[in-house]
Colleague: 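Sharing a structure below in structure tokens format, with a few things to ask.
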Amino acid sequence: PRAQEAALRVYDVQGKLVCTLVEGMQAAGRHSVTWQGRDEHGGAVSSGLYFYRLTTDGGELVRKMTLLK
């Protein structure tokens, strides 16, 4: 319901940061982000299990996802 700092990051199964999709102040409302299966340097990552972490002023949410190519 209000603007706040947010960060959305993708990690591999070892817990290594793959990429940061969102970082900084976000306006209030719904948002959508599409991960293109690339790392921080733009290189393609392999198919497999990954985790994303959404961190905001209100807390943290971690979920898993599967990348299929």
Side-chain angles (χ1 to χ4, degrees):
R2 63 181 175 81
Q4 61 183 312
E5 290 284 328
L8 180 61
R9 294 182 175 94
V10 177
Y11 297 87
D12 64 17
V13 292
Q14 285 90 27
K16 179 182 171 194
L17 177 65
V18 175
C19 71
T20 300
L21 300 175
V22 173
E23 187 169 42
M25 187 61 77
Q26 299 297 308
R30 291 181 178 256
H31 298 272
S32 175
V33 177
T34 302
W35 178 42
Q36 300 296 327
R38 303 220 171 255
D39 63 17
E40 289 282 326
H41 307 289
V45 299
S46 60
S47 295
L49 184 65
Y50 293 87
F51 295 88
Y52 63 88
R53 174 182 285 160
L54 175 63
T55 306
T56 67
D57 295 338
E60 189 172 273
L61 174 74
V62 178
R63 295 287 187 266
K64 64 182 173 180
M65 63 182 166
T66 303
L67 175 64
L68 298 173
K69 293 185 177 185

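None of the values given here were measured: they were computed from a predicted structure. Below, each value reflects all heavy atoms present in this structure, side chains not excepted, and no hydrogens, waters or symmetry copies.
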Colleague: More than 12 foreign heavy atoms under 6.0 Å from NZ of Lys69: is that the case here?
Modeller: yes
Colleague: Hydrophobic clusters here meaning ILVMFWY residues chained together by side-chain heavy-atom distances under 4.5 Å, can you tell me if Val18 and Met65 are in one?
Modeller: yes
Colleague: Would you please test His31 and Leu8 for side-chain contact (heavy atoms from CB on, under 4.5 Å) and show each step?
Modeller: CA-CA 11 Å; His31 298 272; Leu8 180 61; over 6 Å; no
Colleague: Between Leu67 and Val45, what is the shortest heavy-atom contact and its length?
Modeller: CD2-CG2, 3.6 Å
Colleague: State the CD-CD distance between Glu23 and Glu5, to the nearest 0.5 angstrom.
Modeller: 8.5 Å
Colleague: Answer with yes or no whether the hydrophobic clustering places Val33 together with Tyr50; edges join I, L, V, M, F, W, Y residues whose side-chain heavy atoms lie under 4.5 Å apart.
Modeller: yes
Colleague: Tell me whether Val62 is reachable from Leu54 by hopping between hydrophobic residues (I, L, V, M, F, W, Y) whose side-chain heavy atoms are closer than 4.5 Å.
Modeller: no
Colleague: Looking only at non-hydrogen atoms, find the nearest pair between Thr56 and Ala6 and report the distance.
Modeller: CG2-CB, 4.0 Å
Colleague: Quick check against the 3.5 Å criterion: does Glu40 have a side-chain atom that pairs as donor or acceptor with the backbone of Thr20?
Modeller: yes
Colleague: Hey, mind stepping through Trp35 and Tyr52 against side-chain contact (heavy atoms from CB on, under 4.5 Å) and telling me if it holds?
Modeller: CA-CA 10 Å; Trp35 178 42; Tyr52 63 88; over 6 Å; no
